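Values in this document were obtained by computation on a predicted structure and should not be read as measured data. Every number for a ligand or one of its atoms is a count from 1 in the order of the listing. The figures that follow rest on heavy atoms only: side chains count, while hydrogens, waters and symmetry mates do not.
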Amino acid sequence: MSQNKNLQFDSKCIHSGISEYEFGPVVPPIYQTSTFKFESAEHGASLFKGEAEGYIYTRMKNPTIEAMENAVAELEGGHKALGCASGMAAISTVLITLLKAGDHVVCSKSVYGPTMTLIHSVLSKFNIGAAFVDSDITEEIEKAIKPNTKLIYIETPANPMISITDLEAAANLAHKNNALLVVDNTFMSPALQQPFKFGVDIVLHSMTKFLNGHADVVAGIIVTREEEMYLMMRKVLNQLGGVIDPFNSFLVHRGLKTLSVRMQRHCENAQLIAEYLENHSNVKWVRYPGLKNHPNYQVGLKQHSGHGGMISFELKGGFKAGETVMNNVKLCQLAVSLGGVETLIQHPASMTHLSMGAEARKSAGITEGLVRLSVGIENVKDIIEDLEQAFEKVKEKETAKV
Ligand SMILES: *Cc1c(COP(=O)(O)O)cnc(C)c1O
């Protein structure tokens, strides 16, 4: 692993986490086994005592999983990583490890929905308090900190407004108040943003998204900066049981090899599409970190090296226009999730947030014409052409009405 230290990031994507295996395979084999044989009673005993290096049981440690974990830890510039069964398994493991009854969390308001529900409805059962704030305004984080705040939890950029939180400012605030800063780095991936460089304590991901990148795996990962935290997390993960399996680890490790080139294309495509949308008569506004009108554009420049593949925009014509676009796109796939090679499109008001009702959507900032685009790595001309013909349908409908 260590001979990769001096490599450039894109070379690390290809060579990280690879060690020597029997027969000299170029990629780590899939050790699809739940358990490992001991050579003798003494060998078993020394493994359990931690005196011998080796494997006991896949929930605890497995060579295929370990290879992928080493790769992600190296790409994030962290110490060690823990592969989890999903992004939510990573998030719940981190929160349960770090918090106890009586503690308080300050969490970004625009955090991933199930993360908010976990903190709000599950952790509250264990007397863990929480404040949800507009973390893109650093003062709002500061105002919410209480004497028992042990953790600040943010995502940047985050849905639905692709809002950006200043990582360095948030880390300084956390440490000044004896709290830890946890960052969900799913939207950027280490190819574009490495939160440890800004003093963040724990980085986690839904690897379901950009890290795997091919929409065929659900997985998560926790990356720590030092051994003590790693061991603490490993113990709790082993007890909670939300570990990744060897086959999914293999797929993610394969996906990592193209992370750098994929992210480059996601960024190029998204920038062109954001500019196209910004100049479109059907579109009220566009939110993308690469547009100068993004409220935290300067903060973004400081902490990420590319603007990512996620765009939000508001259609003129509200709910109906949103439905029409959804029903007429052909190349863009109607689906939740993000970060895969294929472009995905989603209209929260008629899909993920339909059951909330219009009033609740309004107070949550989900406008009726809001569209979320996870820009894929197709040829950008094809994506724009697809959006254009769907926008034309909105215009046709409007003209028909008059
Ligand atoms: C998808 C997602 C998650 C949850 O990940 P799963 O793999 O679906 O459990 C967490 N955070 C962000 C930002 C996500 O996009």
Exercise. Relative to each other, are the rings of Phe250 and Phe247 parallel, tilted or perpendicular (30° and 60° limits)?
Worked result: parallel

For this session: Answer yes if the side chains of Glu385 and Gln389 hold a donor-acceptor pair under 3.5 Å, and no otherwise.
Result: no

Problem set entry | Polar side chain donor-acceptor pair, Asn379 to Asp382, under 3.5 angstrom | no

Exercise. Would one find more than 12 heavy atoms of other residues, nucleotides or ligands at under 6.0 Å from atom NZ of Lys395?
Worked result: yes

Exercise. Do the side-chain N and O atoms of Glu342 and His214 include a donor-acceptor pair separated by under 3.5 angstrom?
Worked result: no

Filter the ligand 1-protein atom pairs down to N or O on both sides and distance under 3.5 Å, then list them.
unit_1: ligand 1; atom_1: 5 (O); unit_2: Ser206; atom_2: OG; d: 3.0
unit_1: ligand 1; atom_1: 7 (O); unit_2: Gly87; atom_2: N; d: 2.8
unit_1: ligand 1; atom_1: 7 (O); unit_2: Ser206; atom_2: OG; d: 2.8
unit_1: ligand 1; atom_1: 7 (O); unit_2: Thr208; atom_2: OG1; d: 2.6
unit_1: ligand 1; atom_1: 9 (O); unit_2: Gly87; atom_2: N; d: 3.0
unit_1: ligand 1; atom_1: 9 (O); unit_2: Met88; atom_2: N; d: 2.9
unit_1: ligand 1; atom_1: 11 (N); unit_2: Asp184; atom_2: OD2; d: 2.7
unit_1: ligand 1; atom_1: 15 (O); unit_2: Lys209; atom_2: NZ; d: 2.7

Exercise. What is the ring orientation for His307 with Tyr288, classed by angle as parallel under 30°, tilted 30 to 60°, or perpendicular over 60°?
Worked result: perpendicular

